[in-house]
Structures are given as C-alpha cells and as structure tokens.
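This report refers to the structure that appears directly beneath it.
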Protein chains: 2
Amino acid sequence: MATSPDPFNSRSSRKVPLNKDAVLSTALEIVDAEGLDGLTMRRLGQELRRDPMSLYRYAANRAALLDGVTEVVLDELTMFAEEPDWQAQLRGMAHDLRLLALRHPNVVALLVTRPLSTPLGLRPLGTLRPLEQILGLLIGAGFSPTEALHAYRAYYGFLYGHILNELRECIVDPEENEALLRLGLHRLPAKDFPHLRALGPVLANYEGDVELDQGLTILLSGLAAQLQRKDR
Amino acid sequence: MATSPDPFNSRSSRKVPLNKDAVLSTALEIVDAEGLDGLTMRRLGQELRRDPMSLYRYAANRAALLDGVTEVVLDELTMFAEEPDWQAQLRGMAHDLRLLALRHPNVVALLVTRPLSTPLGLRPLGTLRPLEQILGLLIGAGFSPTEALHAYRAYYGFLYGHILNELRECIVDPEENEALLRLGLHRLPAKDFPHLRALGPVLANYEGDVELDQGLTILLSGLAAQLQRKDR
DNA sequence: ACCTGAACACCGTTCAAGT
DNA sequence: ACCTGAACACCGTTCAAGT
C-alpha cells in the first residue's frame with residue numbers, strides 16, 4: 001500500500017534516514033489512517049522517531065506539510081494513458097483521479113480546499129500539472145486556448161464535484177451500510193422528505209464509476225459539439 | 001450584510017440575549033471575517049461576552065457548531081424561484097447557490113467537506129433539503145426516481161465543482177489581481193507550463209456566471225435529451 | 001552552523017466547585 | 001438544577017541554550 005519501501009513498520013523499526021520524501025510519505029500514511037486532524041507535528045515526529053522540531057527543516061510549517069502531502073498524492077497519477085483521442089483521454093484521466101480519491105479519501109478535502117485563495121501561480125506544482133496537461137491536450141485537439149481553458153474548467157469542475165458527491169455518499173463500513181442508511185433516512189421527517197426516503201434502496205448501491213461515465217458522456221459530447229461547430 | 005439585526009457592533013454593545021440563532025449567526029460572522037480557523041469556542045464566547053463554556057448549551061461541540069453554521073448559510077437560499085420549467089429552475093438555483101458561495105467563501109469548504117463520511121440521514125437537514133427539493137422537481141418533470149437521483153448528482157456535482165473552481169481562481173484583492181497573477185505565473189518553469197503561462201491575460205478575468213451558464217447549458221440539454229428519449 | 005527541547009500562547013473539553 | 005471557571009491534555013511555533 002505504501003509507495004516508498006516500508007518507511008516504518010509500526011513501532012518496531014529504528015531510526016529512518018530522514019529526507020523530505022520520507023517525511024511526506026509518512027505524513028500521508030498518517031492522514032490515510034487517521035484523517036487530517038491526526039496529522040500533527042508531534043505525531044509525525046513520534047512516527048519518525050525524531051524531535052518534532054526537526055520537521056521544520058523539511059516543511060516551513062504545517063500548511064506546507066499539507067501542501068507536500070497533496071503533491072505526493074497527485075504524483076501517484078499515471079500521467080498519460082495512451083488513448084486514441086482526446087475524449088478517451090479525458091475519460092481515462094477522470095477515472096484515474098476518481099480511483100486516486102477513493103484510495104486517499106482523507107486527502108480529497110485537501111485537494112479541494114487547500115489551494116482556495118492561494119494565487120494560482122503560487123500553488124504546489126503538482127496541482128497545476130494536470131491543468132497544463134489538459135490544456136495541451138485540448139489545444140492539440142483543435143480548441144483555442146481560451147476555449148480549452150473553459151473546457152478544462154467544465155471538465156474538472158464536474159470531475160471534482162462527482163468525486164465529492166461520491167465520497168459524501170460512500171459509507172465506509174460495508175456491513176452497517178444498509179442498516180445505517182435506513183436508520184438515517186428513518187430519522188428524516190416523512191412529510192418533508194418523501195422522495196429521499198423512497199429512494200432508500202437505490203441510494204444504498206451507488207456505482208460511482210458508472211455515474212461518472214454517464215456524466216462524462218454528457219459533458220464530452222457537449223464539448224465535441226462545440227468543436228464540430230467550429231470546424232464546419 | 002448581517003442577516004440578523006446587529007448582533008454585536010464591534011466591542012461597544014453589551015450583553016446579547018443568547019439563543020442558538022444568535023450564537024450561530026455570530027459564529028457565521030466570525031467565519032466570514034476571519035476564516036474557519038478564526039472560529040474558536042473562546043473567540044466566539046468573547047464576541048458574545050459569555051463564558052466560552054456556556055456555548056456548550058447550544059452546540060454539543062465545535063463540530064456541531066460548524067454544522068450549525070452550514071445550516072444557517074443554506075437557509076439563506078431563497079427556496080423556490082417561480083420559473084416556468086425545470087431547466088430554468090435548476091439554472092436559477094445554481095446561480096443562487098453560486099452567489100451564496102461568493103457571499104460566504106469561507107463556508108464553502110464546510111459545505112463541501114463537512115458531511116464527508118457522515119451517513120446521509122444524519123446530516124444537517126439544511127444540507128438535505130436541496131436534494132429533496134430537486135428530486136421533487138425532476139420527478140415532476142417526468143424523470144423516474146432513480147433517474148432523478150442520477151440527474152441530481154450530475155447537476156450538483158457540476159455545480160459544486162464549478163463553485164470550487166471559481167473560488168480557487170478568484171483572487172480577493174482586485175488591485176493586486178493582475179500583478180499577483182503574473183508574478184505567480186512567472187514563477188512557473190516556462191518549459192513545463194507553456195499553455196498555462198500563455199493564458200495569463202485570459203485567466204485574469206474569470207466571468208464565473210457566464211461559465212457556469214455555459215456548463216449548465218451542456219448539462220441540461222444532455223438531461224433534456226434523456227427525457228425526450230423516454231417520452232418518445 | 002546546526003540541532004535540540006524548554007517555553008509560550010494558544011486550542012477543545014472535562015469536571016469539580018460554586019450558586 | 002444550573003452555571004462557572006479552573007484544570008487537563010493537547011496543539012503549532014519561537015527561540016535561547018546547548019553542541
């Protein structure tokens with residue numbers, strides 16, 4: 001599961017050679033296991049068997065640490081699946097990002113909110129690389145730079161929205177799944193939430209990949225139509 | 001700007017009669033003014049001129065306080081704009097939500113991440129009401145309940161994605177806007193980010209409402225096509 | 001010059017002591 | 001029975017004191 005070779009096996013191993021990558025991947029493991037709040041300087045120091053203060057050599061502060069974690073996660077994206085056309089490429093990349101999000105659900109909040117109100121050029125480069133990449137793809141496909149930017153926004157907006165939606169509705173414990181769901185729905189005032197309550201069984205099995213694909217079909221055909229209108 | 005009648009004017013006014021609404025709307029003001037991190041129990045207590053501990057009578061803990069704030073914000077949504085058809089309604093509601101987000105940018109992170117991994121039925125009712133409402137709208141328009149759910153997800157996914165995108169690219173200080181942007185872009189390695197750097201001027205003026213509308217047009221026409229395929 | 005860790009200024013929350 | 005605030009167990013970060 002860990003990408004780097006076994007940075008710590010619980011509390012058995014001794015001193016780990018410290019570098020930025022080791023710090024960040026350990027930080028990611030903590031976030032994956034215990035959520036964003038679980039990642040504190042002190043906790044991370046303990047995991048690495050170092051004085052928490054020594055971490056400030058690798059990250060200026062906790063915010064920078066979190067930025068580093070998002071970069072590590074985004075680096076997991078296999079950059080270019082070789083697909084025939086731009087639509088297939090966008091589709092493939094969307095599914096890749098979705099799987100990435102499912103692998104690191106606790107990081108998604110970071111992906112989505114961390115760069116908020118950080119000037120574009122000052123963001124972690126990992127955040128910007130997908131943007132640049134997709135711009136190139138779309139411009140290569142015949143969109144003008146401005147159109148490519150708009151198309152990117154529509155695509156990424158939908159994609160992130162879908163991921164958030166899916167994570168929101170995903171219940172971790174598959175056993176309690178239906179029970180919890182029903183329990184929750186039952187709590188809703190029947191008069192105010194008739195449709196929602198009626199959807200109980202349907203809500204229970206969310207096939208994220210299928211719905212993502214359906215949404216993409218709508219979006220991509222819309223973008224393709226725009227492109228055709230131009231070429232004609 | 002404040003919705004409730006002047007709950008405190010800086011540090012001049014004396015004791016405010018305390019109730020849940022007063023607590024939450026003051027909490028919202030703090031979040032709007034200073035961000036999510038600015039809202040602490042102690043800070044809120046100070047603003048209300050109460051012992052911070054007394055707040056636990058109105059919210060079980062800080063998380064509940066944050067849930068309360070999201071509910072207060074969502075209650076600002078004017079429920080039903082009277083529009084002729086379902087497409088116009090969805091369009092109108094999207095713009096309403098966008099404006100709400102621009103009014104309370106610091107709350108958006110909450111809207112988007114707070115209910116993550118909270119079972120659906122246990123969420124703040126304010127979060128669920130739009131869902132129920134749109135389900136009703138779509139079912140009334142001819143979608144099956146299941147289709148309505150899928151359509152809702154596509155719609156809301158896109159909508160939240162757009163809002164996050166727009167907030168991400170929005171720079172608060174309109175004066176430094178272009179300067180900061182160029183500065184930031186200039187920092188990017190020219191070789192790795194040619195397209196992004198070339199878009200500098202275009203990136204500078206983001207017309208969120210127009211782009212939201214364009215995306216909605218694609219999405220809604222896709223959904224309308226699905227509906228027509230059925231009726232035929 | 002580098003690293004360490006005590007100390008500071010905060011947190012959310014508990015709970016005993018007041019009324 | 002209710003409210004208060006001292007106290008606890010944490011934070012991120014600074015900075016002086018060590019090496």
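Here is the naming used below: chain letters follow the sequence lines, and residue numbers restart at 1 for every chain.
Taking the six-membered ring where tryptophan is involved, the planes of B:Phe158 and B:His162 are tilted, since the angle between them lies from 30° to 60°.
Shortest non-hydrogen contact noted between B:Leu159 and B:Leu97 is CD2-CD2, 3.6 Å. Here the shortest heavy-atom pairing between B:Ala148 and B:Leu138 reads O-CD1, 3.5 Å.
Within the 4.0 angstrom heavy-atom criterion, only backbone atoms of the sugar-phosphate kind lie near A:Met41; the bases stay farther away.
C:dC11 atom C1' lies 10 Å from atom CE of B:Met53, rounded to whole Å. If you take CZ of B:Arg49 and P of D:dT4, they are 16 Å apart, rounded to a whole angstrom. Distance, A:Asn61 CG to D:dT14 P: 8 Å, rounded to whole Å. Atom CZ of A:Arg43 and atom P of D:dA9 are 19 Å apart (whole Å). Across the protein-nucleic acid pair, A:Asp51 atom CG and C:dA6 atom P stand 9 Å apart, rounded to whole Å. Here the P atom of nucleotide C:dT14 and the CG atom of B:Leu55 are 14 Å apart, to the nearest Å. Distance A:Arg62 CZ to D:dG12 P: 6 Å, rounded to the nearest Å. To the nearest angstrom, C1' of D:dT13 lies 9 Å from CZ of A:Arg42.
For A:Tyr56, whose side chain is taken as the heavy atoms from C-beta onward, the closest listed nucleotide among C:dT4, C:dG12, D:dG12 is D:dG12. For A:Arg57, counting side-chain heavy atoms from C-beta on, the closest listed nucleotide (C:dC3, C:dC11, C:dA6) is C:dC3.
The partner of D:dC8 is C:dG12, by the rule that a Watson-Crick or G-U pair needs both atom distances under 3.5 Å. C:dC2 and D:dG18 make up a base pair, with Watson-Crick or G-U wobble contacts both under 3.5 Å.
Residue B:Ser54 places none of its side-chain N or O atoms closer than 4.0 Å to OP1 or OP2 of D:dC3.
Between B:Asp75 and B:Arg129, at least one side-chain N (NZ, or NE/NH1/NH2) sits under 4.0 Å from a carboxylate O, which counts as a salt bridge.
A cation-pi arrangement is present between B:Arg168 and A:Tyr160 under the rule of less than 6.0 angstrom and at most 45 degrees off the ring axis.
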